[in-house]
Amino acid sequence: MFNYLIIGSGFAGSVIAERIAKVLNEKVLIIEKRNHIGGNCYDYRNEYNIVIHKYGPHLFHTNNKAVFDYLSQFTDWNIYHHRVLAFVDGKKMPIPFNFNSLYCVFPPSFANKLEEKLLSHFNYNDKVPILELKKIDDKDLQFLAQYIYDKIFVNYTSKQWGKKPEEIDPEVTARVPVFIGRDDRYFNDKYQAIPAEGYSKIFERMLNHQNIKILLNTDFKEVINIDFENKKIYFLGQEFKGKLIFTGMIDELFHFKYGYLPYRSLDLRFESLEKEWFQEAATVNYPNDFDFTRITEFKHIHPINVDRTTILKEYPQNYEVGKNEPYYPMFTKEAQAMYNKYFEYSKQFTNLILVGRLAEYKYYDMDDVVERALEVFNKEVASER
Ligand code: UDP
């Protein structure tokens, strides 16, 4: 009945399902383990009418007009610029570390000297990863780099990943570069916005199509079997000859045959407080204090006039199969080498397509995954009909 099966209804699975249904006018079945669609972007209104991101804060930002236009078919947007402060030595300063942060931390004359030195080495508005700034051969800038490394990166990274910044892919800490300028928004992208009615509505509208059927509360292992010997896929006991688009954990798909890929997870602890506001920005990072990495207060993201507020503390932990959620792939050389083995093996299954953060073991942001799903649809699904 279905030529297309999709495992997972996050952005990867939902974008491809929407395209198959609408552009190809073909039937598609989505199999979703949870009791809701939307993957980790799922949001809902809690008892105080505050919009909560159930799986941690999701802030949409992109420079990709095609991605923004594509999603705009399914939602209106509220303009929203995410701002983050870091709590360091009893004070709060803007993150990414920028010229405003310099003046929060150092006496004006020294901050001014550092600003001039930064401008003599870099261009205004440059973004400099902390591990790059540490390499600059200048006594004052070395002092500054060491300060930022010690106070903002090393302990946060050790909480988040259980590793030092040097032990993980430099791209990870480069996501939050030192900013040579005064823009203290967390992102600089051209399009930054929050879906006016939340992310869940986007998924509802994307998947509301007569060609799309959704099976919730169903682990893929209940309906899919892998014939390792003949490299075939079985669906409900029958050989499946259509395309299987898999967005889950690649190691689980192949029964962990090359070992367990490491993921980081989070213990997400929500608290509702009997006060109107808790903090002055949507997110405050705590690199050096407490066991959580950051606190997000949702009312800043979806403003609402109620006398309560709901906050979220994120406590990083290792992923354990069946116990918590695999939020982040780990960016070590060993993990990447194991992933490559799985990926090479997957190529023998000619009707299998892997897409998304878990299946591709990549630190995709929401816009990256939408872009990737559109690309996979065009190159690997639509073109092969
Ligand atoms: N990071 C840090 N201190 C901060 C913010 C970020 O050390 O105050 C590092 C840390 O290693 C983190 C990475 O930068 O994992 C990327 O941060 P981002 O906020 O992009 O992480 P996400 O929102 O995806 O969890």
Side-chain angles (χ1 to χ4, degrees), residues 10-11 39-41 53 55-62 81-89 91-98 100-101 104-105 127-134 145-179 184-189 192 262-268 279 281-296 298 301 312-319 325-332 335 356-358 361-369:
F11 267 129
N40 291 341
C41 300
H53 296 174
Y55 302 97
H58 281 72
L59 293 317
F60 184 78
H61 58 98
T62 191
H81 296 275
H82 194 50
R83 285 198 162 74
V84 176
L85 300 173
F87 180 82
V88 172
D89 294 338
K91 276 197 214 142
K92 288 179 185 158
M93 66 180 83
I95 293 288
F97 197 95
N98 62 73
N100 299 315
S101 324
C104 288
V105 177
K127 296 174 183 173
V128 187
I130 183 60
L131 296 177
E132 293 302 313
L133 190 64
K134 278 188 91 197
Q146 194 63 43
Y147 174 89
I148 299 172
Y149 178 86
D150 289 343
K151 299 288 184 179
I152 294 184
F153 283 94
V154 75
N155 295 327
Y156 188 108
T157 301
S158 146
K159 279 196 253 188
Q160 176 71 14
W161 300 101
K163 304 231 175 270
K164 291 226 157 78
E166 298 77 10
E167 294 171 323
I168 53 175
D169 189 319
E171 289 293 313
V172 175
T173 44
R175 286 167 61 91
V176 189
V178 175
F179 192 70
D184 57 14
R185 296 170 302 166
Y186 204 55
F187 311 110
N188 308 119
D189 302 53
Q192 304 190 35
Y263 303 87
R264 278 303 261 182
S265 186
L266 298 167
D267 178 10
L268 300 174
Q279 62 191 22
T283 299
V284 178
N285 289 0
Y286 289 80
N288 313 308
D289 303 88
F290 305 106
D291 297 329
F292 49 81
T293 46
R294 58 190 177 190
I295 301 183
T296 297
F298 290 99
I301 302 172
L312 166 64
K313 293 178 181 157
E314 297 177 44
Y315 293 81
Q317 50 187 212
N318 275 334
Y319 169 67
E325 302 289 334
Y327 289 120
Y328 301 90
M330 284 292 294
F331 296 93
T332 60
R357 213 187 240 217
L358 296 175
Y361 208 65
K362 286 213 171 105
Y363 200 163
Y364 283 138
D365 284 332
M366 288 183 280
D367 62 328
D368 299 323
V369 86

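First listed ligand is number 1; within each ligand, the first listed atom is number 1. Treat the numbers as computed from the prediction; the structure is a model and nothing was measured.
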Colleague: Look at atom 11 (O) of ligand 1 and say which protein heavy atom is nearest, naming residue and atom and giving the distance to 0.1 Å.
Modeller: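 The protein heavy atom lying closest is Thr157 OG1, 2.9 Å.
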Colleague: Looking only at protein heavy atoms, which one is nearest to atom 15 (O) of ligand 1, and what is the separation?
Modeller: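 Nearest neighbour among protein heavy atoms for atom 15 (O) of ligand 1, to 0.1 Å: Trp161 NE1, 2.8 Å.
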Colleague: Between Asp291 and Lys159, what is the shortest heavy-atom contact and its length?
Modeller: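 What the structure gives for the nearest pair is O-CD, 3.6 Å.
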Colleague: In terms of residue, atom name and distance, what is the protein heavy atom nearest to atom 8 (O) of ligand 1?
Modeller: Asn285 ND2, 2.9 Å
Colleague: Considering only non-hydrogen protein atoms, determine which one is nearest to atom 20 (O) of ligand 1 and report residue, atom name and distance to 0.1 Å.
Modeller: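 Nearest protein contact, heavy atoms only, for atom 20 (O) of ligand 1 is Arg175 NE, 2.8 Å.
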Colleague: Taking only heavy atoms of Arg294 into account, list the atoms of ligand 1 that are under 4.0 Å away from them.
Modeller: 19 (O), 22 (P), 23 (O), 25 (O)
Colleague: Would you kindly say whether Asp184 and Asn98 are connected by a side-chain donor-acceptor distance under 3.5 Å?
Modeller: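 Looking only at side-chain atoms, Asn98 and Asp184 do not form any donor-acceptor pair under 3.5 Å.
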Colleague: Decide if atom CG of Asp267 counts as having more than 12 heavy atoms of other residues, nucleotides or ligands within a radius under 6.0 Å.
Modeller: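 Atom CG in Asp267 is crowded, with more than 12 foreign heavy atoms closer than 6.0 Å.
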Colleague: Tell me which protein heavy atom sits closest to atom 16 (C) of ligand 1, plus the residue, atom name and distance to 0.1 Å.
Modeller: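 The protein heavy atom lying closest is Val172 O, 3.5 Å.
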Colleague: Nearest to atom 21 (O) of ligand 1, what protein heavy atom do you find, and at what distance?
Modeller: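 Sorting protein heavy atoms by distance from atom 21 (O) of ligand 1 puts Tyr363 OH, 3.2 Å first.
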Colleague: Given Phe331, Tyr328, Phe97, which has its nearest heavy atom closest to atom 25 (O) of ligand 1?
Modeller: Tyr328
Colleague: Taking NZ, NE, NH1 and NH2 as the nitrogens, is one of them in Asp365 or Arg175 under 4.0 Å from a carboxylate oxygen of the other?
Modeller: yes
Colleague: Taking the six-membered ring for Trp, are Tyr363 and Trp161 parallel (under 30°), tilted (30 to 60°) or perpendicular (over 60°)?
Modeller: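 If you compare the ring of Tyr363 with that of Trp161, the planes turn out perpendicular.
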Colleague: Ile152 to ligand 1: N or O pair under 3.5 Å?
Modeller: yes
Colleague: How about Tyr328 and Tyr319: are their ring centres within less than 6.0 Å of each other?
Modeller: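 Between Tyr328 and Tyr319, the centre distance exceeds or equals 6.0 Å.
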Colleague: I'd like to check which ligand 1 atoms, numbered from 1 as shown, lie under 4.0 Å from a non-hydrogen atom of Gln160.
Modeller: 15 (O)
Colleague: Give a yes/no verdict on a cation-pi contact between Lys313 and Phe290, requiring under 6.0 Å between NZ or CZ and the six-membered ring centre and an angle within 45° of the axis.
Modeller: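 No.
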Colleague: In the protein, which heavy atom is nearest to atom 18 (P) of ligand 1, and how far is it?
Modeller: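 For this ligand atom, the closest protein heavy atom is Tyr186 OH, 3.7 Å.
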Colleague: Could you find the nearest protein heavy atom to atom 1 (N) of ligand 1 and give me its residue, atom name and distance?
Modeller: Tyr156 CD2, 3.6 Å
Colleague: Counting C-beta onward and ignoring hydrogens, is there a side-chain heavy-atom pair between Tyr186 and Thr283 closer than 4.5 Å?
Modeller: no
